[in-house]
Amino acid sequence: MSKLKKIIENVRLWKGVAIVSGVYSFIFCVLIIANFTQINRVDPVNTKVLNTLVERLKENPNDNQLREEIRELDLLARKAYFTNQWQIKNGGYMLMIGVLVLIIALQFIRLATKGLPVVDTENDDKLLYTQNKARKWVSIGGATLVVVALVFAFITQNQLKSTFINAAQASNNEAKSQVSNPPAVQETTETKVVETPQNVTAEVADASKEKKLEVATAKVEKKEQVQQPPVSNQVVTAVNYPSDNELKNNFPNFRGFGGNAIAYQKNIPVSWDGPSGQNILWKVAIPLPGYNSPVIWGDKIFVAGANASKREVYCFDRNSGKLLWTANADNIQGSPVKSPDVQGDTGQSAPTISTDGKRVYVIFANGDIMTVDMNGTRVWAKNLGVPQNHYGHSSSLITYKNLVIVQYDQRTNPRVLALSSTNGDEVWSTPRKVKISWSSPIIVNTGSRTELILVAEPFVTSYDPATGKQLWSMDCISGEVGPSLAYADGVVFALNEYASLTAIKVGDTPQKLWESSDYLSDVPSPVATDKYLFVVTSYGTVVCYDAKTGTSYWTKEFENGFYSSPIIAEGKIYLLDKQGVMHIFNADKTYTSVGEAKLGEKSVCTPAFANGRIYIRGDKNLYCIGK
């Protein structure tokens, strides 16, 4: 008992406790007030970044990657909420404990000093008055600070609760509103096919076959947990779309029919000379620069050109070289004011035009995509968002039935999408978990179905071109992929510099046939037959492989490098080097040169073919070569 009394009467001890608890309480007061200030300065629910992303999601509701970003940011906001809630709630309790300890310590000090204070005779009355007044205001100030901190703690805690409750209610109301007002179903204006009994029977058989394929595909997709696009309301139809023979008889997109680098034209010349004019039927300047390759439909040939301020499509008469019309890609809603920075090797107009004989489709480095009819009249135009691509967008367009397909592999939100060729509406969009690429899509018929096949690190991926549904995928490539794929006889070939060359037997369960890393390409795309694969490097080496085994048959070094991709025509390979020299050799297991023809102008573009003619885009001019 005497020990407890000694502790109670230990004035020095309680003065120390009072000082520590006082400082402790002061610190918690400051932290609570600072927390209150921060919470009122930053709204944890309605941040500018989060709201911007939500608005973007409303415009692109199928953008699953964006949805994931929003979820992550929302998670951070909720973490901040609970952290603040915990800090404020427990900070208030800790403050009250500190104040309580301070009051107890002061009471013990008062009890231990019951005697009258000793008056220092050396201090005058004025000093004593000042000290008394200071103690009074310090006490009032301290008490006010504590009260303010506790009030702020109470207000802040309830304010945060209210903020999130209101946000949750707003979200629920919006969801209910969407449910009560479902989006209108877009009516298609496409002509319907009149079904004959035979057609119906055939379709039933096909449907049964496709159903089996879908079941098999679903098993693979379940294993890979692939995100599939929503089912489109629009009908993908081949009505008014040219037949395969019509597409083959023309040269409708980058590397011809299906983008597979096979030309079906005949009577192709093997000799010409630009400087002397030998076999140069005409030559015409292209107004604006571009690295896209020419495409052909009927008697019309199309190229695009652009600089930082202007974008155009040109139509030339295929027989005379006369410029028939120019279509300006301007006044497009959503188009950025400033063109993106691009590399000199890519420029503002690297993607090649695609045409289905009804319309012409073009895309530029700023994300503007435009469609004009065969007379140059604009049909529709829109901006897909500036591609986040440090070299500049260069993936070419390709058409399938009433769709124009865009491979949009960029830094964020990479995807492949299909737009209606008639009005530009998005028919389907499939997100891709890949890095930036510059390659272009190919469309092939594998015998059992038509597949849209793309390549970008780390996958070669096949899609149903009508729906965007992923059919299969193989992890086999790395780096910023530039070359497009080659396909022949059920095997697709993918390569990239500093990565590998891979041969894949396609199917629901794709198989890797062989790999090589000896000769790789960073720009030119390979080309294949059912027997051979030809790989072209940008530094001037050409290699012939056995397509099924990977056995190397021959290697040929050329003086100049290649950016142009090889095309096989009439059993011969046409390969244009950077100096404009066309190397022509047999597509065979032994190297046999057929000829070398000079354009007289540098070129990095891939030639287009018509019966008896070759069309080449040089750095400045478009050439027509014939016998």
Test side-chain contact (heavy atoms from CB on, under 4.5 Å) on Val17 and Val101; report intermediate values, then the result.
CA-CA 8 Å; Val17 173; Val101 172; 3.6 Å; yes

How far apart are the C-alpha atoms of Ile405 and Leu452, what are their side-chain angles, what is the distance that settles it, and do they pass the side-chain contact (heavy atoms from CB on, under 4.5 Å) test?
CA-CA 9 Å; Ile405 296 173; Leu452 169 71; 3.8 Å; yes

Quick one, Lys512 with Asp475, criterion salt bridge (Lys or Arg N to Asp or Glu O under 4.0 Å). Give me CA distance, side-chain angles, the key distance, then yes/no.
CA-CA 10 Å; Lys512 187 179 295 183; Asp475 185 338; over 6 Å; no

Step-by-step side-chain contact (heavy atoms from CB on, under 4.5 Å) determination, Val146 to Cys29
CA-CA 6 Å; Val146 170; Cys29 285; 3.9 Å; yes

Report the C-alpha distance between Tyr408 and Leu384 in whole Å, list the side-chain angles of each, state the deciding distance to 0.1 Å, and finish with yes or no for side-chain contact (heavy atoms from CB on, under 4.5 Å).
CA-CA 9 Å; Tyr408 227 46; Leu384 299 178; 3.6 Å; yes

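Not a single donor-acceptor pair under 3.5 Å links the side chain of Asp368 to the backbone N or O of Ala381. Using modelled atom types, no side-chain atom of Tyr498 and backbone atom of Ser478 make a donor-acceptor pair closer than 3.5 Å. Here the side chain of Trp428 pairs a donor or acceptor atom with the backbone of Pro465 at under 3.5 angstrom. Formation of a donor-acceptor pair under 3.5 Å by the Ser473 side chain with backbone atoms of Thr461 is not found in this model. Using modelled atom types, no side-chain atom of Gln348 and backbone atom of Gly305 make a donor-acceptor pair closer than 3.5 Å. Checked by atom type and distance alone, the side chain of Asn292 pairs as donor or acceptor with a backbone atom of Ser349 at under 3.5 Å.
The closest side-chain heavy-atom distance from Tyr93 to Phe28 is not below 4.5 Å. The shortest side-chain heavy-atom distance between Ser395 and Asp409 does not fall under the 4.5 Å cut-off. Looking only at side-chain heavy atoms (C-beta outward), Asn328 and Met370 stay at 4.5 Å or farther from each other. At least one side-chain heavy atom of Ser421 sits less than 4.5 Å from a side-chain heavy atom of Tyr361. Within the 4.5 Å cutoff, no side-chain heavy atoms of Leu102 are placed close to those of Tyr24. With a 4.5 Å cut-off on side-chain heavy atoms, Gln470 and Thr430 do not count as touching. Side-chain contact between Val434 and Glu457: absent, with no pair of heavy atoms (C-beta onward) separated by less than 4.5 Å. With a 4.5 Å cut-off on side-chain heavy atoms, Arg411 and Ile436 count as touching.
Using modelled atom types, one finds no donor on one side chain facing an acceptor on the other under 3.5 Å when comparing Asp345 with Gln343. No donor-acceptor contact under 3.5 angstrom links the side chains of Ser335 and Asn383, judged on distance only.
Separation of atoms OG (Ser339) and CZ (Arg311) is listed at 4.5 Å; rounding is to 0.5 Å. A distance of 6.0 Å separates CG of Leu288 from NZ of Lys310, quoted to the nearest 0.5 Å. Of the inter-residue distances, the one linking Trp14 atom CH2 with Ser21 atom OG reads 10.0 Å to the nearest 0.5 angstrom. Rounding to the nearest 0.5 angstrom, the gap separating the CD atom in Gln410 from the NE2 atom in His393 is 9.0 Å. The line from OG1 of Thr371 to CG of Leu397 is 8.5 Å long, rounded to the nearest 0.5 Å. Here CZ of Arg378 is found 6.5 Å from CG of Asn331. Values are rounded to the nearest 0.5 Å.
Residues satisfying the side-chain contact (heavy atoms from CB on, under 4.5 Å) test with Ser462, not counting sequence neighbours, are Glu451, Ile453, Leu471, Trp472. Checked against side-chain contact (heavy atoms from CB on, under 4.5 Å), Val523 has the following partners two or more places apart in sequence or in another chain: Tyr563.
Within 6.0 Å of atom OH in Tyr519, 12 or fewer heavy atoms from other residues, nucleotides or ligands are found, so the atom counts as exposed in its surroundings. Heavy atoms of other residues, nucleotides or ligands lying less than 6.0 angstrom from CZ of Phe459 number more than 12.
For the residue pair Trp438 and Ser394, the shortest heavy atom distance occurs at CD1-OG, 2.9 Å. Here the shortest heavy-atom pairing between Leu95 and Ser25 reads CD1-O, 3.4 Å. The minimum heavy-atom distance between Pro524 and Thr537, with the atom names listed, is CG-C, 4.2 Å. Minimum heavy-atom separation, Ser500 to Glu515: OG-OE2, 4.2 Å. Among all heavy-atom pairs drawn from Ala365 and Pro387, the shortest one is O-CD, 3.2 Å. The heavy-atom pair separating Cys476 from Ile504 by the smallest distance is SG-CD1, 3.8 Å.
One finds no salt bridge joining Asp425 and Lys382 here, because no Lys/Arg side-chain nitrogen approaches an Asp/Glu carboxylate oxygen to under 4.0 Å.
Checking Leu417, Asn413, Leu419 one by one against Ser429, the side chain to side chain contact (heavy atoms under 4.5 Å, CB included) holds for a single residue, Leu417.
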